[in-house]
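Structure record follows, encoded as structure tokens.
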Amino acid sequence: MGLVKNLSFALVGAGFAVVATATQAFSLSLKYEGDIGSPGFGPGQLFVPQGITVQEGTGNIYVSNGRGLNPDGSFNPAIGNKVEIYNPQGTYIGAVGEGGRGPGQFDEPSALEFDPQTGNLYVGDVFNNRVNVYDPQGNFINSFGSFGGLIEGRAFFGPSGVTFDKAGNVYIGDFSGDKINKYTKDGQLLGSIGTSGTAPGQFQGPAGLRISPVSGNFYVSDQFNNRVQVLDPNGNSLFTFGTQGTGDGQFLQPIGLEVDENENIYVADSINSRVQVFDKNGKFLTAYGQPALDASGNPVPPPQLGEPPFGNPLDLTPGRFNWTGGTSYRDGKLYVGDFFQGRVQVLKVEGQNKKVPEPSTALALGLLGIGATVVKLKKDKRQRTIISLEKQLQKTTV
């Protein structure tokens, strides 16, 4: 949880104290609810889940499965390379697409999202350097786009985050191009936001991408700048938050990003193996998750290039991650990809609508309490004085 500060006023001479508590504007926590998928290469099993989304109406969960490779590192279209579908209870029910380089096929599916107006599914297709579009039943419609290639020092490239504005335009991150492209529904390029760099409004690996349902602002996880950027609806920089590190509010390559109905911001802090939550102004609220551990209690390292895409050993304890990746928020639940453990962890968001006193309110209540007590003391003192005078008068009369 966010920091809670206690503010105490003590009037020692009077022999009493009034205490007021100041806390953040919203109390919020994440609680483990369950897993979707399991590590492996069979039907319904996952490896390197990069993208997650939930279908409106059905509540089905769609997860981008990783790129299948042969032992020599060559592409194997028979392994992974599709979008796996699970019902709301987490039971595997089918898939969209298949491995390959033809129409509607994938060579590493990445971020994905449903168009809220049409229900069509847009999926990044990394090594085919495009976005694939499917109807709500999973039938292929078309492909579009062109994205930057691999840059030295980066393990990922191509289309990254996907989000829609209220007008129906689709925005897709160009991870290596360090920009966000704006398209019509059918894939016509309308423009782009951002350039490469470290200044506000510039990116080094824009990964997670969301448009706030409240303000229309853009929220972007700027992976290699280790920060989150907030842009207005026209793409102008408003502010950034986060620095490189392991403390609260710091990041080691943030990837997935979500914004809820209160504009709370959920960030998959990948190498730190956790999710961090912030309010709409970038103030840290809480964090959830710890690194997977081996039998000796040491963090499990991620797999190396050429190794199977799983940590060794696996630590499937609730709340343990070997890197956090793709994310999705829907109806009070946060879905988080456990990158190198072949699963999605489902977290329940609790208390996001429960307001607690602001510091100024608590202070006012404290001061009000002090004022009332002082008034009472004055009344008591005055009453004691009157009683004393009455007794003196009685003695004099006698």
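All of these numbers come straight from a predicted model, not from anything done at the bench.
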In Å and rounded to the nearest 0.5 Å, what is the CG to CG distance from L209 to L257? 8.5 Å

When rounded to the nearest 0.5 angstrom, what distance separates OG in S160 from CD1 in I180? 8.0 Å

So, for E84 and L46, which heavy atoms are closest and what is the spacing to 0.1 Å? CG-CD2, 3.9 Å

Which heavy atom of P308 sits nearest to which heavy atom of P303, and what is that distance? O-CB, 3.2 Å

Would you name the heavy atoms of Q250 and Q276 that are closest together and state the gap between them? O-NE2, 2.6 Å

For a ring-ring contact (aromatic ring centres under 6.0 Å, His included) check, start with the C-alpha distance between F164 and F114, then their side-chain angles and the critical distance, and finish with the verdict. CA-CA 9 Å; F164 292 83; F114 285 99; 9.6 Å; no

Give a yes-or-no answer on whether the side chains of Y32 and Q345 include a donor-acceptor pair shorter than 3.5 Å. no

F310 and ring pair (Phe, Tyr, Trp, His ring centres under 6.0 Å): which single residue from F41, F339, F340 fits? F41

F156 and F127 aromatic centres sub-6.0 Å: no

Centroid separation Y171 to F218 less than 6.0 Å: yes

Kindly say whether the aromatic ring centers of F241 and F278 come within a distance under 6.0 Å. yes

Write down the atom of V259, the atom of Y329, and the distance for their closest heavy-atom approach. O-CD2, 4.5 Å

Within the 6.0 Å centroid threshold, strictly below: Y134 and F140: yes

Do R274 and F321 form a cation-pi contact, if we require the NZ or CZ to be under 6.0 Å from the six-membered ring centre and within 45 degrees of the ring's axis? no

